[in-house]
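Remember, it's 1-based here, ligands and their atoms both numbered in the order they're listed.
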Amino acid sequence: MRSELSGFLAELSWPRPQAPAFDPETAPGDPVVLFERWLREAVAHDVPAAHVLTLATVDVAGRPDARVTVLEDVDDHAFWVAASESSPKGKQLGRVPVAALVFHWARQGRQVRVRGAVRAGDEARTAAAFERLSAHARTEALVDRQSRPLHDEGWLSNALGDPSELLELEEPGAASAPSWRLWGVDAGRMEFFQADPEGHHVRLRYSRDEGGGWDTELLRP
Ligand SMILES: Cc1cc2nc3c(=O)[nH]c(=O)nc-3n(C[C@H](O)[C@H](O)[C@H](O)COP(=O)(O)O)c2cc1C
């Protein structure tokens, strides 16, 4: 038996990709270079929130989890995201240090997948990212109660009501919040998908070899 929703879903279509065809023959040897090119093209094509990604992690019991978050940086062949060590994603990243992330730029019919080992960012990298946060986000990081049940909304709005006061009170001139940090997902494997209106989709996978170079292969879409 099919639900009413299945008919509704069947009517939905993908937007036609508004991007030049992707010729894997011309792809650069380094996938991070290709990622940056596609990210900039996504922004140039007005893809909303092109720097927003889905981060997938695993907990100690092997249960998968995923959520949307923001890309902070790409550097040293790692994709950097921010999370408190006490949040579910922070615990998962710290205790089971492997992760995958995916970008989907629907308007262009593009997907980029990244999978690899996770490393914690050092203090300097974390402090530089903390500095870039809004006052509200810094307060959230200092309050450090993300994903806890919201039993007492009054307490929360009081805490968030005057960020400057909280920032002063908790950590004058704080360089960061104690458990908030950057996490790097190493690009051990990256995959680029370019959808084609006629169905001739292209999938190009890069895998890091033992010498630190990259092997590439085309996959059936
Ligand atoms: C567009 C968008 C952007 C988001 N950006 C962030 C972010 O930068 N950092 C963050 O911690 N959560 C962000 N979130 C919320 C996360 O998806 C998630 O709800 C939260 O981080 C708690 O995840 P956790 O319980 O797995 O730790 C964002 C959500 C959306 C929809």
Side-chain angles (χ1 to χ4, degrees), residues 12 15 35-36 38-40 42-75 78-108 110-153 155-157 159-160 163 166-167 170-171 174-187:
L12 300 179
F35 170 79
E36 190 173 329
W38 279 23
L39 175 67
R40 289 180 186 279
V43 173
H45 278 79
D46 294 326
V47 170
H51 62 315
V52 166
L53 58 100
T54 299
L55 169 70
T57 50
V58 182
D59 71 13
V60 287
R63 290 173 298 210
D65 208 348
R67 80 290 291 154
V68 166
T69 190
V70 166
L71 181 67
E72 300 283 340
D73 198 4
V74 184
D75 182 28
F79 286 69
W80 295 91
V81 296
S84 164
E85 282 169 350
S86 70
S87 70
K89 70 180 137 350
K91 286 183 187 154
Q92 291 157 13
L93 290 165
R95 294 175 191 172
V96 187
V98 286
L101 46 94
V102 58
F103 295 84
H104 177 212
W105 298 313
R107 190 166 288 169
Q108 295 170 296
R110 284 179 168 175
Q111 170 184 253
V112 179
R113 298 165 68 181
V114 181
R115 195 174 83 165
V118 168
R119 54 188 145 121
D122 61 19
E123 263 180 43
R125 185 182 289 280
T126 295
F130 190 74
E131 176 101 23
R132 290 194 295 271
L133 293 180
S134 65
H136 182 91
R138 274 190 282 161
T139 306
E140 289 275 17
L142 284 164
V143 170
D144 196 21
R145 293 179 66 81
Q146 190 175 46
S147 300
R148 309 270 180 91
L150 193 55
H151 291 309
D152 181 356
E153 289 190 37
W155 175 86
L156 188 79
S157 56
L160 297 180
L166 189 89
L167 286 167
E170 293 258 334
E171 299 265 328
S176 186
S179 59
W180 187 90
R181 58 170 51 255
L182 286 201
W183 303 86
V185 180
D186 269 319

Are any protein N/O atoms closer than 3.5 Å to the N/O atoms of ligand 1? If there are, list each pair with names and the distance to one decimal place.
unit_1   : atom_1 : unit_2 : atom_2 : d
ligand 1 : 8 (O)  : Thr69  : OG1    : 3.3
ligand 1 : 9 (N)  : Thr69  : OG1    : 3.3
ligand 1 : 11 (O) : Lys89  : NZ     : 3.4
ligand 1 : 11 (O) : Gln146 : NE2    : 3.0
ligand 1 : 14 (N) : Val68  : O      : 3.3
ligand 1 : 17 (O) : Val68  : N      : 3.4
ligand 1 : 17 (O) : Val68  : O      : 2.6
ligand 1 : 21 (O) : Lys89  : NZ     : 2.8
ligand 1 : 21 (O) : Gln146 : NE2    : 3.2
ligand 1 : 25 (O) : Ser147 : OG     : 2.5
ligand 1 : 26 (O) : Arg67  : NE     : 2.8
ligand 1 : 26 (O) : Arg67  : NH2    : 2.9
ligand 1 : 27 (O) : Lys89  : N      : 3.0
ligand 1 : 27 (O) : Lys89  : NZ     : 3.0

- Message: Against Glu85, only a single residue in Lys91, Arg181, Arg95 fulfils salt bridge (charged side-chain N to carboxylate O under 4.0 Å, His left out); can you say which?
- Response: Arg181
Pairs under 3.5 angstrom only: tabulate donor-acceptor contacts from the side chains of residues 49-64 to other protein residues two or more places apart or in another chain.
unit_1 : atom_1 : unit_2 : atom_2 : d
Thr57  : OG1    : Arg67  : NH1    : 3.0
Thr57  : OG1    : Arg67  : NH2    : 3.4
Thr57  : OG1    : Gln92  : OE1    : 2.5
Asp59  : OD1    : Ala61  : N      : 2.9
Asp59  : OD1    : Gly62  : N      : 3.1
Asp59  : OD1    : Arg63  : N      : 2.8
Asp59  : OD2    : Arg63  : NE     : 2.8
Asp59  : OD2    : Arg63  : NH2    : 3.0

- So which heavy atom on Ala82 is nearest to which on Trp180, and how close? CB-CZ2, 3.3 Å
- Partners passing salt bridge (Lys or Arg N to Asp or Glu O under 4.0 Å) against Glu123 (at least two apart in sequence or in another chain): none
- Message: Students often mix this up, so state it plainly: with edges at 30° and 60°, are the rings of Phe35 and Phe79 parallel, tilted or perpendicular?
- Response: perpendicular
Check: residues 110-121 side-chain donor-acceptor pairs under 3.5 Å, at least two apart:
unit_1 : atom_1 : unit_2 : atom_2 : d
Arg110 : NE     : Gln194 : OE1    : 2.6
Arg110 : NH1    : Glu41  : OE1    : 2.7
Arg110 : NH2    : Glu41  : OE1    : 3.4
Arg110 : NH2    : Gln194 : OE1    : 3.4
Arg113 : NH1    : Glu191 : OE2    : 3.4
Arg119 : NE     : Asp186 : OD1    : 3.3
Arg119 : NE     : Asp186 : OD2    : 3.4
Arg119 : NH1    : Asp76  : OD2    : 3.2
Arg119 : NH2    : Asp76  : O      : 3.1
Arg119 : NH2    : Asp186 : OD1    : 2.8

